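Counting from 1, the numbers follow the sequence of the chain as shown. Since this is a predicted model, take the numbers as computed values, not measurements.
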Amino acid sequence: MKTFLDPDFLLQTDTARALYHEHAAKMPIIDYHCHLDPRQIAENHAFEDLTEIWLGGDHYKWRAMRANGVPEEYITGDKPAYEKFQKWAETVPYLMRNPLYHWTHLELSRIFGIDRVLNPASARAIYEECTEKLRTPEFRAQAIMRRMHVEVVCTTDDPVDSLIYHQRIRESDIPTRVYPAWRPDKVLAIERTADFNAYLSRLEAATNRTLLTYTQLLEALQERHDFFERQGCRLSDHGLDTFYAEPYTERGLEAIFMKGRMGKPLTEQEIRMFRSALLYELAAMDARSGWVQQFHIGANRNNNRRMFRRLGADAGFDAIDDQPIAVSMNRFFSRLDEEDLLAKTIVYNLNPRDNALMVANAYNFNDGSVPGKMQYGAAWWFLDQIDGIREQLNTLSALGLLSRFVGMLTDSRSFLSYPRHEYFRRILCDLLGGEVEKGLLPASELPFLGQMVEDISYHNAKRYFGFE
């Protein structure tokens, strides 16, 4: 019987173990998509206790606690920190076979050096040991990134953000490079007219412009895009239910924009036309700047209306959508390709039914200009578990080039999430190593496979994003 979380965790063959320990394990981390707070990085935040760093903002854990019958006051409420953590510790044993069980113990082991299983009996000792460490300089925000060999981090930032904390980070001596990433989702949500107009007021303040026309909106967004580029931004990201590529006219767009500005209800077709036009313009901005664009497709957000009114967005009530993708995806990319405005692109799906669809359709637009120009992104959100990661790797291998893949990301709000890169690398090495030992891949090519593992873990992302 193997020991839980031993050095060969998830590695079932000798070849897999060699690929991981000799190649993957030594590579630094490039975390090119996450939701860390740049302020906490800039200020080298000192965490008060384990509850703050582990449960604050982590809606993966919140969903699990709710499913285990934990009342909301112990999740997002005002109960004392240790009582919240105790409820999490009570939940952990029930998480067996959920990725949170592995992540929890990897984080304890790799970051805090604690190899005990978390359960109600061990909760107090683990909480006190971790909290004591968190109150030392060696466990502040920047130190954790150094401890985990994080070379690059890309945060997720709204076009109206000042990026003041990114500026402070660049002026500091932190060895981890931290870049902003452009996330303009709010400006696409014209159907929620009150929120849309409140957001445009913030955009007006950020640009010192009045936004009364669609043309003026584009000018303001271009100004902010240029500002982000001057601050080192190299990639954008969009969180969408599907792609949009409806025909439209400039005159029609101005009328739609004015209806939105006046707070009038919009038809579904008008919403789709507005999103189609604005997505095209944003993609064109990315291409002209030489950025990478990312599309996270398939989230059905804020489904529990009662809890949305109580807690707002990103509180653990989002799920998997099932909208059509292929036709609009191809129309969208084809127009950009025809106009020589198709940037390097990464697509992610949340619905596992769309794995093959995403790879096959994205690969329509590789043009030989860049290795791996069109990327099928890492298993995302509900799919970043053992089976989901394997399925993503297998689908990419079957329909594309796994060797050109830019690898894993955390997509996390927590400084403790970096072991997810290790989790991914172990699964990758187990998959490749197992196929060598089954005779599906040649043992004579182990040097190439070792380099391939290093590339997927690190080098491909570094080259693709230009993090040289």
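For the residue pair Gln375 and Arg404, no side-chain donor N or O sits within less than 3.5 Å of a side-chain acceptor on the partner. Between the side chains of Thr410 and Ser417, no donor N or O sits under 3.5 Å from an acceptor N or O. Asn330 and Asn361 are linked by a side-chain donor-acceptor pair at a separation below 3.5 angstrom, with hydrogens and angles left out of the test. There is a side-chain donor-acceptor pair under 3.5 Å between Thr345 and Gln293. Counting only N and O atoms by type, the side chains of His166 and Thr155 include a donor and acceptor under 3.5 Å apart. Looking at Trp380 and Asp411, their side chains do bring a donor and an acceptor atom within 3.5 Å of each other. Using modelled atom types, one finds no donor on one side chain facing an acceptor on the other under 3.5 Å when comparing Asn303 with Asp318. Side chains of Asn460 and Arg463: a donor-acceptor N/O pair is present below 3.5 angstrom, by distance only. Side-chain contact annotation: Thr207 with Glu223, donor-acceptor N/O pair under 3.5 Å absent. With hydrogens and angles left out, the side-chain atoms of Thr176 and Gln142 include no donor and acceptor closer than 3.5 Å. Under 3.5 Å, the side chains of Ser334 and Glu338 contain no donor-acceptor pair of N or O atoms. Tyr165 and Asp37 are not linked by any side-chain donor-acceptor pair at a separation below 3.5 angstrom, with hydrogens and angles left out of the test.
When the shell of 6.0 Å around CG of Asp367 is examined, it contains more than 12 heavy atoms from other residues, nucleotides or ligands. Annotation for Tyr94: atom OH does not count as buried by contact number, only 12 or fewer foreign heavy atoms lying within 6.0 Å. Heavy atoms of other residues, nucleotides or ligands lying less than 6.0 angstrom from CZ of Arg177 number more than 12. Within 6.0 Å of CZ on Arg353 lie more than 12 heavy atoms contributed by other residues, nucleotides or ligands.
For an aromatic pair to be called close, the ring centres must be under 6.0 Å apart, and His105 with Phe4 satisfies this. Aromatic ring centroids of Phe9 and His102 lie under 6.0 Å apart. Centroid-to-centroid, the aromatic rings of Phe415 and Phe47 come within less than 6.0 Å. For Tyr464 and Tyr32, the distance between ring centers is not under 6.0 angstrom. Aromatic ring centres of Tyr179 and Phe467: separated by under 6.0 Å.
The aromatic rings of Trp291 and His225 sit parallel to each other, their planes meeting at less than 30°, with 60° as the upper class boundary. Ring geometry for Phe295 against Phe332 counts as perpendicular: the plane angle is over 60°, on a 0 to 90° scale with 30° as the lower cut. Ring-plane geometry between Phe85 and Trp54 is classed as parallel, the angle between the planes falling under 30 degrees on a 0 to 90 degree scale with a further cut at 60.
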Check your understanding: Is there a ring pair (Phe, Tyr, Trp, His ring centres under 6.0 Å) between His59 and Trp381 once you walk through the steps?
Key -> CA-CA 11 Å; His59 54 78; Trp381 199 346; 5.8 Å; yes
Practice item. Let me see the working for Met27 and Glu454 under side-chain contact (heavy atoms from CB on, under 4.5 Å), right down to the final yes or no. Key: CA-CA 7 Å; Met27 306 312 296; Glu454 293 182 14; 3.8 Å; yes
Review point. Could you go step by step and tell me if Asn351 and Asp321 meet the side chain to side chain donor-acceptor pair (under 3.5 Å) rule?
Key: CA-CA 7 Å; Asn351 194 324; Asp321 209 339; over 6 Å; no
Practice item. Mind running ring pair (Phe, Tyr, Trp, His ring centres under 6.0 Å) on Phe274 and Tyr248 for me, showing each step along the way? Key: CA-CA 8 Å; Phe274 179 80; Tyr248 55 84; 9.9 Å; no
Point to revise | Derivation of the side-chain contact (heavy atoms from CB on, under 4.5 Å) call for Phe424 and Ile456 | key: CA-CA 10 Å; Phe424 164 81; Ile456 294 170; 3.9 Å; yes
Point to revise | Residues Phe139, Arg147; criterion side-chain contact (heavy atoms from CB on, under 4.5 Å); working and verdict | key: CA-CA 9 Å; Phe139 286 84; Arg147 179 184 302 273; 3.4 Å; yes
Exercise for review: Report the C-alpha separation of Glu72 and Leu311 in whole Å, then their side-chain angles, then the decisive distance to 0.1 Å, and conclude whether the side-chain contact (heavy atoms from CB on, under 4.5 Å) test is met.
Suggested key: CA-CA 11 Å; Glu72 194 66 30; Leu311 300 176; 3.5 Å; yes
Practice item. Give the C-alpha distance, both sets of side-chain angles, the deciding distance and a yes or no for ring pair (Phe, Tyr, Trp, His ring centres under 6.0 Å) between Tyr60 and Trp103. Key: CA-CA 11 Å; Tyr60 285 68; Trp103 295 348; 5.7 Å; yes
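When all heavy atoms are compared, the tightest approach of Val160 to Arg202 is CG2-NH2, 3.3 Å. Of all the heavy atoms in Asp286 and Ala343, the pair that sits closest is C-CB, 4.4 Å. In this structure, Gly263 and Asn197 approach most closely via the heavy-atom pair N-ND2, 4.3 Å. Considering every non-hydrogen atom in both Arg224 and Pro159, the closest pair reads NE-O, 2.7 Å. Across every non-hydrogen atom of Val187 and Phe196, the tightest pair is O-CE1, 3.3 Å. When every heavy atom of Pro184 is checked against every heavy atom of Asp237, the shortest pair comes out as CD-O, 3.4 Å.
The ring pair (Phe, Tyr, Trp, His ring centres under 6.0 Å) check on Tyr244 picks up nothing, with sequence neighbours excluded.
A heavy-atom distance below 4.5 Å is found between the side chains of His296 and His33. Between Val347 and Met374 there is no side-chain heavy-atom pair separated by less than 4.5 Å.
Between Arg275 and Glu191 there is a salt bridge, with a side-chain nitrogen of the basic residue lying less than 4.0 Å from a carboxylate oxygen of the acidic one. At a threshold of 4.0 Å, the pair Arg234-Glu229 does not count as salt-bridged, since none of the basic side-chain nitrogens sits closer than that to a carboxylate oxygen. Here Arg335 pairs with Glu339 in a salt bridge; the nearest charged N to carboxylate O distance falls below 4.0 Å. Ionic pairing of Arg272 and Glu246 is present here: one or more N-O contacts between side-chain nitrogen and carboxylate oxygen are shorter than 4.0 angstrom. The pair Arg425-Glu422 does not count as a salt bridge, with every side-chain nitrogen at least 4.0 angstrom from each carboxylate oxygen.
The CG atom of Leu278 sits 13.5 Å away from atom CE of Met273, with the distance rounded to the nearest 0.5 Å.
For the pair Lys186 and Tyr199, the cation does not sit on the ring face, since its NZ or CZ is not both under 6.0 Å from the ring centre and inside 45° of the axis. For Arg301 and Phe317, the positive end is not near the middle of the six-membered ring at less than 6.0 Å and at most 45° from its axis.
Residue pairs meeting the side chain to side chain donor-acceptor pair (under 3.5 Å) criterion with at least one member in residues 382-392, sequence neighbours excluded, are Arg390-Asp430.
A donor-acceptor contact shorter than 3.5 Å is absent between the side chain of Asp354 and the backbone of Leu357.
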